[in-house]
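Down below is the structure, laid out as structure tokens.
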Amino acid sequence: MKKIQALRGMNDLLPQDSPVWQYLESTVTTLFKRYGYQEIRFPILEQTELFKRSIGEVTDIVEKEMYTFKDRNDESLTLRPEGTASCVRACEQNQLLFNRGTLTQKLWYQGPMFRYEKPQKGRLRQFHQFGVEAFGLNGPDIDAELLIMSARLWKELGISSAVELQLNSLGSSDARAKFKADLVAFLEQHKERLDEDSQRRLGSNPLRILDSKEAKTQALLDEAPSLLDYLDDESLAHFEQLKALLDAAGVAYTINPRLVRGLDYYGKTVFEWVTTQLGSQGTVCAGGRYDGLVNQLGGQPTPAVGFGMGIERLVLLLQEMNVLPEEIFQTLDVYIMAVGDVAPAAFSLAEQIRDRFPAMRVQTHCGGGSFKNQMKKADRSGADVALILGENEVAAQEVTLKYLRKDQPQTTIKQTDLLDLLA
Ligand code: ATP
Ligand code: MG
């Protein structure tokens with residue numbers, strides 16, 4: 001019979017890699033809590049309409065990347081391609097934004113996202129994100145804080161030297177509309193110098209042409225109008241204040257006037273943390289301000305800003321840069337060997353150790369076998385210490401302690417003395 005395989009672009013996370021994910025998850029979620037963010041969880045499946053209305057009908061995501069299907073009731077559902085839309089939906093539905101004076105919310109979430117893309121290194125069909133959203137704050141202080149928080153994360157992970165912050169302002173929707181009109185007029189005159197994809201976008205989503213990777217399109221854009229020249233006064237002041245806050249905090253950035261992001265809901269601040277170490281999948285964290293979205297989804301106008309971080313890309317970067325702490329790969333401290341008919345004594349000893357040292361990782365040998373065979377397993381387990389219980393030891397209420405990773409003679413001691421020795 002042909003074996004069933006996982007879907008393309010949807011990976012299993014195997015035990016040898018899970019310590020990396022756990023290390024990253026605990027570092028990141030601890031950091032979010034340290035900045036006063038609270039966790040929110042929402043479903044993976046939503047009505048298709050939610051994403052169409054928020055991300056935008058003519059974006060890559062909605063046009064060609066969503067996993068959309070009809071359920072048994074003929075309702076159109078979509079596996080979430082990102083978290084912001086669901087987060088806004090959940091906040092609105094549960095009245096987190098305008099009830100009981102809880103005007104401000106600082107939230108984080110994590111989990112799988114789904115996009116039908118061409119799978120490659122750092123680009124999957126089921127990928128995972130950490131997301132952060134702050135509601136009810138006009139900024140630019142909160143915009144700056146999000147960037148200060150992410151800069152601290154890179155520092156704590158040891159990858160600061162490999163990531164660069166790119167910053168832009170998209171201005172108000174009026175400013176953007178005016179720029180868009182002038183950009184389209186300019187590009188129409190030079191249509192033949194655009195790549196095919198960009199020619200298509202000229203009619204649907206012209207701003208996306210700005211981040212085309214094609215050299216000839218980029219060359220043409222050097223001559224095109226620049227978004228920063230169109231900023232309205234308010235957006236310009238916001239942008240200047242944000243830059244000053246980042247300067248004061250020592251967070252370096254590069255202004256990239258062509259940074260537009262692939263989702264329609266952004267305005268004013270947009271940013272990406274980019275690395276050159278992962279090929280063309282170089283953006284590890286991306287976000288911006290989306291003051292219009294809550295209203296667009298039926299809520300009261302609410303300022304909002306947030307970002308999404310790709311976990312797979314961060315894992316790749318940590319591995320590539322060799323900055324993972326070695327100790328995360330050790331998953332066991334003590335291996336208890338039970339040679340002969342001594343299971344009750346072995347379990348009792350293991351429980352005593354767990355009572356006294358709740359953080360200690362203790363495995364009791366199960367499945368019998370000879371001394372030699374159990375010793376091999378203890379060696380391979382990665383534990384620091386093997387505790388050997390045979391029938392003689394149990395009769396004498398003793399235990400033999402053998403160090404597995406340092407050159408120190410094994411000792412046989414009273415079980416009552418063991419706990420102090422392990423301390
Ligand atoms: P890209 O330009 O690389 O396609 P994007 O602009 O579509 O990224 P966002 O929607 O902003 O990405 O998602 C935020 C982050 O999630 C990205 O910066 C990236 O780290 C990660 N990400 C997005 N799509 C994928 C994917 N298919 N596989 C792995 N990670 C992804
Ligand atoms: Mg994309």
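Start at 1 with the first residue, then count along the sequence. For ligands, and for the atoms within them, numbers begin at 1 and follow the listed sequence.
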Enumerated ligand 1 atoms positioned under 4.0 Å from heavy atoms of [X]:
| X | result |
| --- | --- |
| Gly308 | 14 (C), 15 (C) |
| Thr283 | 17 (C), 18 (O), 19 (C), 20 (O) |
| Gln129 | 13 (O), 14 (C), 15 (C), 16 (O) |

Least distance between heavy atoms, Phe114 atom then Phe127 atom:
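So the two residues come closest at N-CE2, 4.4 Å.
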
Can you name the nearest heavy-atom pair linking Gln374 to Gly368, along with the distance?
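Reported closest heavy-atom pair: NE2-O, 3.4 Å.
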
Contact between [X] and ligand 1, counting heavy atoms under 4.0 Å?
| X | value |
| --- | --- |
| Arg261 | yes |
| Arg115 | yes |
| Glu82 | no |

Roughly how far, to the nearest 0.5 Å, is the CG atom of Leu183 from the CG atom of Leu210?
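Interatomic distance, Leu210 CG to Leu183 CG, rounded to 0.5 Å: 5.5 Å.
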
Let me confirm one number: the CZ-CG distance from Phe32 to Leu153, rounded to the nearest 0.5 Å.
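Phe32 atom CZ to Leu153 atom CG measures 7.0 Å (nearest 0.5 Å).
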
Residue portion contacting ligand 1 (non-hydrogen atoms closer than 4.0 Å) for [X]:
| X | answer |
| --- | --- |
| Glu312 | neither |
| Val284 | backbone |
| Gln281 | neither |
| Met113 | neither |

Please enumerate all residues that pass side-chain contact (heavy atoms from CB on, under 4.5 Å) together with Arg8, with sequence neighbours excluded.
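Scan of Arg8 (side-chain contact (heavy atoms from CB on, under 4.5 Å), adjacent residues dropped) gives Pro119, Arg125.
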
Does Ala90 have any side-chain contact (heavy atoms from CB on, under 4.5 Å) partners at least two apart in sequence or in another chain, and if so, which?
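Partners of Ala90 by the side-chain contact (heavy atoms from CB on, under 4.5 Å) criterion, ordered by chain and then number, come out as Ile40, Phe42, Asn94.
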
Any side-chain donor-acceptor pair under 3.5 Å between [X] and [Y]?
| X | Y | value |
| --- | --- | --- |
| Arg258 | Gln218 | yes |
| Glu133 | Tyr109 | yes |
| Asp232 | Ser235 | yes |

Does [X] reach ligand 1 with a nitrogen or oxygen that is under 3.5 Å from one of the ligand's nitrogen or oxygen atoms?
| X | result |
| --- | --- |
| Glu272 | no |
| Leu124 | yes |
| Ala286 | no |

For atom 1 (P) of ligand 1, which of the options Arg123, Lys121, Arg125 provides the nearest non-hydrogen atom?
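It is Arg123 that holds the nearest heavy atom.
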
